[in-house]
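Residue numbers start from 1 in every chain, and the chains themselves are labelled A, B, ... in the order their sequence lines are given, proteins ahead of strands.
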Amino acid sequence: AQKITQTQPGMFVQEKEAVTLDCTYDTSDPSYGLFWYKQPSSGEMIFLIYQGSYDQQNATEGRYSLNFQKARKSANLVISASQLGDSAMYFCAMGPKNAGNMLTFGGGTRLMVKP
Amino acid sequence: DTAVSQTPKYLVTQMGNDKSIKCEQNLGHDTMYWYKQDSKKFLKIMFSYNNKELIINETVPNRFSPKSPDKAHLNLHINSLELGDSAVYFCASSQVQGVYLFGQGTRLTVV
């Protein structure tokens, strides 16, 4: 069974500063994928970034980067230069590496960006 | 063009009614899913449908049934709606590694 833990129910960050959202996982699968999604108050689930367990480099997508530490089973999301529009719920999720499989989600972190 | 679209966005209905939520993806993905997000924002898989193979989460009541007329569509039909069914339901699709996209969600309110 897979398990995702997000230990920060809520966080504040000052606009233009960087913030790290924590995610730890547990799985017995030898290969897997890790995802981050953003859910603004409007409700949609927006894909942010993906990391495969055998990827050599940490994933980056614009202001988003994933700090992947396999030995520690952590996949933290780093948002650089926070913007007011980054205020939202953020979900970490994992799934088996093969396509066509279900994701297991963490409980989410609510990020609030202060002007 | 919206990759994964679901309708309606909002659905308010009375207990005991039967309702459907429609989902369509234009990505050519083989696999589609339904997820449920409860009032505490927790997301949980309900169904996975891959090339006509249905994988059911055993905790889902059999009042919920997915119906897939073709690879691009996966609808969710709910019979005899109960108050506890109120939630946000998300459709999703995936294919290649790392691509896993969600629809905009349907907020179901049972009164």
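When the shell of 6.0 Å around NZ of B/K22 is examined, it contains 12 or fewer heavy atoms from other residues, nucleotides or ligands. For B/N62, the CG atom is loosely surrounded, since the number of other residues' heavy atoms within 6.0 Å does not exceed 12. Counting non-hydrogen atoms of neighbouring residues, nucleotides and ligands closer than 6.0 angstrom, the OH atom of B/Y10 reaches no more than 12 such neighbours. No more than 12 heavy-atom neighbours from other residues, nucleotides or ligands sit within 6.0 angstrom of NZ on A/K3.
With a 4.5 angstrom heavy-atom cutoff, A/L103 touches chain B via backbone and side-chain atoms both. Contacts between B/K44 and chain A at a heavy-atom distance below 4.5 Å are absent for every atom of the residue. Interface residue A/Q39: only side-chain heavy atoms are found under 4.5 Å from chain B.
There is a path of hydrophobic side-chain contacts, each under 4.5 Å, that joins A/M11 to A/L48. Hydrophobic clustering, with ILVMFWY side chains joined whenever heavy atoms are under 4.5 angstrom apart, keeps A/F91 apart from A/V78.
Screening B/Y100, B/F102, B/Y35 for a side-chain contact (heavy atoms from CB on, under 4.5 Å) involving A/M45 leaves a single residue, B/F102.
With rounding to the nearest 0.5 Å, the separation of CE in A/M102 from CZ in B/F47 is 11.5 Å. Between B/K41 atom NZ and A/R110 atom CZ the span is 6.0 Å, to the nearest 0.5 Å.
When all heavy atoms of A/S42 and B/K9 are compared, the closest pair comes out as O-NZ, 3.7 Å.
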